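Single-structure report; data block below.
So that the names make sense, note that chain A is the first sequence line, chain B the second, and so on, each numbered from 1. Keep in mind that this is a model prediction, so the values were computed, not measured.
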There are 2 protein chains.
Amino acid sequence: MSHTLGIRQAQKQKTRQAFLDAALALLEEQSLSSLGLREVTRAVGVAPTAFYRHFRSTADLGVALVDEALGSLHPMVRTTVSTAGDSEERITRAIELIAHHVDSHPAHVRFIARERHGGVQPVREAIQSQLARFAEEVKAELAKDPQAEGWSDDDLLMLAHLYVDQMLITASLFLETLEGSEDERERVSQIATRQMRLISIGRRHWLD
Amino acid sequence: MSHTLGIRQAQKQKTRQAFLDAALALLEEQSLSSLGLREVTRAVGVAPTAFYRHFRSTADLGVALVDEALGSLHPMVRTTVSTAGDSEERITRAIELIAHHVDSHPAHVRFIARERHGGVQPVREAIQSQLARFAEEVKAELAKDPQAEGWSDDDLLMLAHLYVDQMLITASLFLETLEGSEDERERVSQIATRQMRLISIGRRHWLD
DNA sequence: AATTCCAGAGAACAGTTGTTAACTGGATGA
DNA sequence: TCATCCAGTTAACAACTGTTCTCTGGAATT
């Protein structure tokens, strides 16, 4: 299926990726709505006008960054929720996965947390839509669990949203401890674990 | 205690408030890190240099906005948590209070949601610190409840954080439905209510 | 080999930005 | 009444912004 790209297309994709990388780096210390087009081209090392060969605007670039940051995350979320083991094991594993993902892609996590409620509408919408997809996928996995018997569709979706939001809160907490001590990270891990545990308990007794 | 201000001081405070109001309005469609000083002065109708009589920078103005948006909210949060009635009544009342607050101060809510993870460090820190205060206050109220018997301090604080985060998530959801239909708002209300209910159930069975 | 294509360069545009310095005129306190 | 104070003004600064049009040179196609 995969077609070998010509030299030209390959170079273009390489430059495009350079734009995404440079923008992501610049966005660690500001919001997308203040990111200038020239600022990005300067960081990449190309002429300002080259920008237009790849993106219509910085908002457009932002939407591409949303895809890069969240697009490849769906399989991970699905398998995390559906992983075998008892409730406690799954919680531990989920928290570990989040911590690891924040460690390896801190700029992506920061970007999503920042722009989820940020000042650029198309980017906000792109994030919301991806998060809604996450919730739907989590819901689908939850529905397979025997624990979900007797649950209405609405309730499954509300629980899925709770999990997705909790995932983001936890990721953002880990992000804040990135330059902190091991103790801090351990403390965040404990809080997040207990919050997930409390939600799981609520889930178990929901139908009482 | 309150000292009557002279004409001069009164005028200054009036102008300062005009700055805060104008900035808040401009921030509905962008982030603080892209808010220009001249942009604000233009909206207020004063010369650019007048800005410096009130704020060192736009970041400084942002911190003042955090105080305005969250400073007066502490009593409300305290009483909401400590209100009498059974669990279900308290949840309904809390959600109603949030919905009402979003209705009457939408720009404040948007500002907090946006800048909580925004690109301006001092503002982020100001928000974090206020939210930490909220959590401490909620924890103090929770500790008074007979249900809290046998709970460790750590667990009370983790539950308090869960409530505070849930409050923000709900507020932000209501914000998105502000220009939507009554049905949408009702749906958000239902989801938020059930999520709070699930957390309450988890809380009740925590010590099992 | 000749032609078309197109990512990126270069120059120029009118507007914008934050910050400085020196000012004005009405409120304030002696 | 007179000197002091200070919120807001005016003018000017170099630096920056997004966008347009024109051009170039190597890859792609015929």
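When each of Q11(A), R16(A), K12(A), Q17(A) is paired with K14(A), the side-chain contact (heavy atoms from CB on, under 4.5 Å) condition holds for Q11(A) and for no other.
Heavy atoms from other residues, nucleotides or ligands lying under 6.0 Å from CD of E29(B) number 12 at most. Few gaps surround CZ on R90(B); more than 12 heavy atoms of other groups in view lie less than 6.0 Å from it.
We find that CD1 of I7(B) is positioned 14 Å from C1' of dG29(C), with the value rounded to whole Å. One atom, CD of Q17(A), and another, P of dA7(C), lie 17 Å apart when rounded to the nearest Å. Put simply, CG on D60(B) is 15 Å from P on dG18(C), counting in whole angstrom units. As rounded to whole Å, 15 Å separates atom C1' of dT28(C) from atom NZ of K12(B). The CD-C1' distance, from Q13(A) to dG8(C), rounds to 17 Å in whole Å. Put simply, CZ on F19(A) is 10 Å from C1' on dA7(C), counting in whole angstrom units.
The two residues S31(A) and R114(A) have their closest heavy-atom pair at OG-CD, 4.0 Å.
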- Q130(B) and H74(B): side chain to side chain donor-acceptor pair (under 3.5 Å), yes or no, with the steps? CA-CA 9 Å; Q130(B) 292 272 18; H74(B) 292 270; 2.8 Å; yes
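F51(A) comes within contact range of no nucleotide atom at all, as no heavy-atom separation falls under 4.0 Å.
Annotation: of the two residues near DNA chain D, R38(B) and R16(B), the 5′-most nearest-nucleotide partner is R16(B). For the pair R42(A) and Q9(B), nearest-nucleotide mapping onto DNA chain D gives the more 5' position to Q9(B). Nearest-nucleotide assignment on DNA chain C puts the 5′-proximal partner with A50(A), out of P48(B) and A50(A).
Distances shown here put every side-chain N or O of R56(B) at or beyond 4.0 Å from the OP1 or OP2 atom of dG18(C).
In this structure, S34(A) contributes its side chain and Q30(A) its backbone to no donor-acceptor pair below 3.5 Å. In terms of modelled atom types and a separation under 3.5 Å, the side chain of D155(B) and the main chain of W151(B) share no donor-acceptor contact.
Of the candidate nucleotides dA7(C), dA9(C), dT16(C), dA7(C) has the atom lying nearest to any side-chain atom of R53(A). Comparing dT17(C), dG18(C), dG8(C) by their closest approach to the side chain of T15(A) singles out dG8(C).
Judged by atom type and distance alone, R8(A) reaches the base of dC6(C) through a side-chain donor-acceptor pair under 3.5 Å.
Between chain A and DNA chain D, the heavy-atom contact criterion of under 4.0 Å yields a 5' to 3' nucleotide range of dT17(D) to dA28(D).
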